Amino acid sequence: MNFDTVHRHQQALDPSALTTIRTTLHAIEQGISDCRNAGVDPDTDPAVVLLARHLAVVSSNQASQPTLQAACRRRLADIERFPALLALAIGGVAYDAAAKDRFHKDGRRTLRRLAAALQLGRDEHLITSWEGDRSQSGAITLVTATLSVTVRVGGIHEGREVAYRAIRSGIEQPPRYAGIRALLDADRFANRLQAEAATSRRAPRPQLCLLPA
């Protein structure tokens, strides 16, 4: 029995109703689904191929490929200079599920970069997320045997979005704080953590002063 349909072929022959990239992509996705049901390879199906070519027709941006590539590079540079995590730290994510999801994804990615900058192996660190309720950003934490780094955003954490502390003999030490910008430069922040840890280890222990009875 032939489970193929006529719809994608009709659309491919007369795509005049497909006037945007969004509607054309939807037609391609439906065509691929039809091919799967019919046991047809969508990469060679003439209707799907015609619909894919129609994407170039409906695009309102007719710039040359080098121009488009240059625009993409500029966008990438903008993203590097103004990452979403920085914008989320400024605006907060309370009661915005999409923003909160992005914060947790980007926060985990940023802490993974920090772990790499610290040259931590997979078995030497753990990154966890705590979602909190709708009014909170929650938190993302990187934990090692000697260090923990936690990221939160929101008004009460402004300028102190990153809390980090040493762990000695399994006991967490008092926290120190940094702004989100510091964490975004993973190599520099890793150097800061290592320098502060070295300074802390060299610091003399307070002497116990016994008063005469």
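Just so it is clear, the model here is predicted, and its values are computed rather than measured.
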Residues in salt bridge (charged side-chain N to carboxylate O under 4.0 Å, His left out) contact with R165, at least two apart in sequence or another chain: E172

T146: side chain to side chain donor-acceptor pair (under 3.5 Å) partners, not counting sequence neighbours: none

Any donor-acceptor N/O pair, E196 side chain to Q194 backbone, under 3.5 Å: no

With R188 via salt bridge (charged side-chain N to carboxylate O under 4.0 Å, His left out) - residues at least two apart: none

Inter-residue atom distance L126.CG - L111.CG, 0.5 Å rounding: 11.0 Å

Sequence-distant partners of Y164, ring-ring contact (aromatic ring centres under 6.0 Å, His included), two or more places apart: F189

Contact list for residues 17-36, test ring-ring contact (aromatic ring centres under 6.0 Å, His included), sequence neighbours left out: none

R134/D96 salt bridge by N-O under 4.0 Å criterion: no

Side chain S33, main chain E29, donor-acceptor under 3.5 Å: no

Residues which pass side chain to side chain donor-acceptor pair (under 3.5 Å) with D123, listed by chain and number, not counting sequence neighbours: none

Partners meeting side chain to side chain contact (heavy atoms under 4.5 Å, CB included) with S135 (sequence neighbours left out): Y95, D133

Any residue meeting side chain to side chain donor-acceptor pair (under 3.5 Å) with T23, in chain and number order, not counting sequence neighbours: T20

Non-neighbouring partners of Q30 that pass side chain to side chain donor-acceptor pair (under 3.5 Å), sequence neighbours left out: D34

Contacts of D41 that satisfy side chain to side chain contact (heavy atoms under 4.5 Å, CB included) - sequence neighbours left out: D43, T44

Set of salt bridge (charged side-chain N to carboxylate O under 4.0 Å, His left out) partners for D101, sequence neighbours left out: K105

By salt bridge (charged side-chain N to carboxylate O under 4.0 Å, His left out) - contacts of R160 (at least two apart): none

E158 CD: over 12 foreign heavy atoms closer than 6.0 Å: no

